[in-house]
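As the structure is a prediction and not an experimental result, all values here were calculated from the model. Naming: A, B, ... by sequence-line order, numbering from 1 per chain.
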Number of protein chains: 2
Amino acid sequence: MVATIYDVARAAGVSPSTVSRSLSVPDLVNAETRLRVQQIAAELGYRPNRAARGLITGRTGNIGLIVTDLSNPFFPEVVKGVQGRARESDYSVLLADTGEDPTVEVGLIRALCKQVDGIVLCSSRMSETDLRGVTGDTLTVLLNRRVSKVPAVTIDNADGIRQAVAHLQALGHHRVGYVAGPRTSWSNRERLRGLRAATTPAGLDLVEVGAVAPTFAGGVAAADLVLSAGVTAVIAYNDLIALGLLNRFRAKNVSVPGDISVIGVDDIMFSEMVSPSLTTLAQPKEQLGRVGVDLLLQLLQDADPSGAARRTVTSQLVIRSSTGTAPPAR
Amino acid sequence: MVATIYDVARAAGVSPSTVSRSLSVPDLVNAETRLRVQQIAAELGYRPNRAARGLITGRTGNIGLIVTDLSNPFFPEVVKGVQGRARESDYSVLLADTGEDPTVEVGLIRALCKQVDGIVLCSSRMSETDLRGVTGDTLTVLLNRRVSKVPAVTIDNADGIRQAVAHLQALGHHRVGYVAGPRTSWSNRERLRGLRAATTPAGLDLVEVGAVAPTFAGGVAAADLVLSAGVTAVIAYNDLIALGLLNRFRAKNVSVPGDISVIGVDDIMFSEMVSPSLTTLAQPKEQLGRVGVDLLLQLLQDADPSGAARRTVTSQLVIRSSTGTAPPAR
DNA sequence: TGGGAGTCTGCAATCCTTTGCAGGAGGTTG
DNA sequence: CAACCTCCTGCAAAGGATTGCAGACTCCCA
């Protein structure tokens, strides 16, 4: 059997309380005693039983992480960030994947919330009502989404989009397309908003191309729509879609960036592996996860932060080979 | 406060024991009583406290999942499988990523083992000694690795490699290269072994190209070595490396498959997105995860299975555009 | 010398479930 | 009618850690 606090107590000739205190509130016990206890605990390989501790403290030492789709290379990076930061503070991460389905998302949260101290919810696709329901129950930090009164860390979409549009404008483009992602995605709405804010004053035309799945196949499907929209540049909701566009353009012998420039969002690993390599708005994926946990842990300490806490991280345009000067008007 | 078993008991006019039994061993209680209890429990939104239950049963309801590197698209798929199967049986998944470092792997396992009922260890890079140390402590299922006396699910590498070699042979190749992955990888050793077993009797020459990191950069780095090895076809440890090769070949104007054929292993999403699309040995990634959990759960039931349990899943060659007939000898 | 402050330590209750054991009710059998 | 069995339910004891409270001891000062 594994060593308990009683075993350590017996071996050290003290009471269990003293052992407990030596390990979790060291200041309260005499230095000499504490040292002896700690050493014996180490010798016996004592590790506190989390269940027992959790029973009394009400803390589990776990945080829940819910992502929409692990197959999208964006999310594993966020997971890494979350996981790394959590471990630094001795928290464990319970991971769940919703497969882009808001219904399972609700179910997963319900299932998870009893076993965690808080939840990090990444790119949630839930309705605001549902969201508010669960955030009332359990301390939740939103990633890539903003809802009033709920703690969140978001990426400065407006600023990123501005960089992208400025780049295109500098290259002489006048009419740019936007391939929209899921309507339920907050980021999608924000990017669209940023796009309008950036194009209108600059006198650029903006053409929105119907919502598609945020996947490679979605991009392939959107490619022909983009071509028929008569744009010289296109910004995709994410890199996966952009990669789909690139693939289909090549198949149709549409030159990139000769005939059309393409910009993605995320900067997933593969964006620099394809050819032409993809110009993209790099999102600080791992940082997003880290900051999310940071915020969560902080909120876990200060009982109530008197209102929602907010963090913002910034993205940066990475210019590669999929963007170039606008083709001369025919 | 959240409802406990006592609240339900009081509301239903029975003892806590009856409530507990109504929910977890329904057969032991009168149908009528059971129904009433269950209904009231539902009304009160009662959810058993896992910590309390775990304290007495010794079970946590969690399983630990340790992967080497989430950034490699192979692993998220495995994670999905594990996660999906676990949830079906009402288990949660604690995820950790080692970053290909055996040292942190040991640490993570130590940290995790107290909080889980069992561990799924995917593509472990630990030494056999270390491995044996941890598997003694905690029920562990290995994925992509085999060590005597330890439950494991593996992919039939020999068979897969045979398919790949047969394909190359049919295309007229006589001298094939193998870009090796991490020396600490069991899969790497197995693939090399399978390669020797498949090439020798067929009279093919096999050239091993030094071990590289199982990443895109690793592949880029290996490309020139491959070219200088004078082979007409190359099999890479995994798709990431193969993609690296492809990238570097293109940069050097080496035609694929005109000058050299390339085969990867894994069939990650991007293998069909590049051009030429990659011929690859498709691994049943998600299934690997599912079967791993299956096995773990089963072992968790039957106290001791009187020896190590084994499962094998099979891979299949997917032929795309990166392989073709061997170039005529010069 | 007495009293107060300060420092440690131990007792015992508590967190919430599960489960072995025993007992009550009702029915069956010899 | 007694003995016994079955079926269901409740009592009470874990399980391992944390923590409020109180006691013991030392030390200092008046």
Side-chain angles (χ1 to χ4, degrees), chain A residues 1-38 40-42 44-62 90-92 113-117 300-301, chain B residues 1-38 40-42 44-62 90 92 113-117 300-301 303:
Chain A
M1 212 43 201
V2 30
T4 77
I5 208 171
Y6 290 91
D7 302 324
V8 179
R10 201 173 322 117
V14 297
S15 80
S17 335
T18 303
V19 176
S20 172
R21 277 189 278 252
S22 297
L23 300 171
S24 46
V25 240
D27 310 323
L28 284 187
V29 8
N30 177 287
E32 195 181 334
T33 317
R34 182 205 323 149
L35 226 61
R36 185 159 41 95
V37 169
Q38 289 174 341
I40 292 185
L44 266 50
Y46 167 77
R47 319 232 38 173
N49 179 320
R50 289 222 181 196
R53 171 182 292 174
L55 193 52
I56 191 153
T57 61
R59 290 287 180 86
T60 62
N62 296 142
D90 211 34
Y91 273 78
S92 299
C113 65
K114 289 295 163 233
Q115 324 176 40
V116 301
D117 298 336
L300 237 25
Q301 296 234 298
Chain B
M1 212 43 202
V2 36
T4 76
I5 211 171
Y6 288 93
D7 302 323
V8 179
R10 201 174 320 117
V14 296
S15 79
S17 335
T18 303
V19 175
S20 172
R21 278 189 278 253
S22 297
L23 300 171
S24 45
V25 242
D27 310 323
L28 285 185
V29 8
N30 178 286
E32 195 181 334
T33 317
R34 184 204 322 150
L35 226 62
R36 185 159 41 93
V37 170
Q38 288 174 342
I40 292 185
L44 264 50
Y46 168 77
R47 319 231 40 174
N49 179 319
R50 289 222 180 197
R53 171 182 291 175
L55 193 51
I56 191 152
T57 62
R59 289 287 179 85
T60 61
N62 296 143
D90 212 32
S92 299
C113 66
K114 291 294 164 234
Q115 325 179 39
V116 301
D117 298 336
L300 237 26
Q301 296 235 299

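Legend: residues meeting side chain to side chain donor-acceptor pair (under 3.5 Å) with B/Gln115, ordered by chain and number and at least two apart, are A/Ser92. When the salt bridge (charged side-chain N to carboxylate O under 4.0 Å, His left out) test is applied to A/Arg59, no partner is found at least two apart in sequence or on another chain.
For the residue pair A/Gly58 and A/Asp117, the shortest heavy atom distance occurs at O-OD1, 4.2 Å. A pairwise comparison of heavy atoms in A/Tyr46 and A/Val8 identifies CB-CG2, 3.8 Å as the closest pair. Among all heavy-atom pairs drawn from B/Lys114 and B/Thr60, the shortest one is O-CG2, 4.4 Å.
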Identify all pairs in which a protein N or O lies below 3.5 Å from an N or O of nucleotides 8-11 of chain D, and state each distance.
from, atom 1, to, atom 2, distance (Å)
D/dT9, OP1, B/Thr33, OG1, 2.6
D/dT9, OP2, B/Asn30, N, 3.0
D/dG10, OP2, B/Ser15, N, 3.0
D/dG10, OP2, B/Ser15, OG, 3.1
D/dG10, OP2, B/Thr18, OG1, 2.4
D/dG10, N7, B/Arg21, NH2, 2.7
D/dG10, O6, B/Arg21, NH1, 3.3
D/dG10, O6, B/Arg21, NH2, 2.9
D/dC11, N4, B/Ser17, OG, 2.9

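Distances shorter than 4.0 Å separate some side-chain N or O of B/Ser20 from OP1 or OP2 on C/dT18.
For B/Tyr46, taking side-chain heavy atoms from C-beta onward, the closest of the listed nucleotides C/dT17, D/dA17, C/dT18 is C/dT17.
One can place NZ of A/Lys114 at 14 Å from C1' of C/dC16, the figure rounded to the nearest angstrom. Taking atom CD1 on B/Ile5 and atom C1' on D/dA14, their separation rounds to 15 Å, with Å as the unit. One interatomic measurement links the two molecules: CG of B/Asn49 to C1' of C/dT14, which rounds to 13 Å at whole-angstrom precision. Regarding B/Ile56, its CD1 atom lies at a distance of 16 Å from the P atom of D/dA12, rounded to whole Å. Summarising the geometry, the separation between CG on B/Leu23 and C1' on C/dT18 is reported as 12 Å, rounded to the nearest angstrom. B/Tyr6 places its OH atom 10 Å from the C1' atom of C/dT18, with the value rounded to the nearest Å. A/Arg47 has its CZ atom 15 Å from the C1' atom of D/dA17, to the nearest Å. Between A/Asp7 atom CG and D/dG15 atom P there is a gap of 12 Å when expressed in whole angstrom units.
Counting only distance, with no hydrogens or angles, the side chain of A/Arg50 and the backbone of A/Gly61 share a donor-acceptor pair below 3.5 Å.
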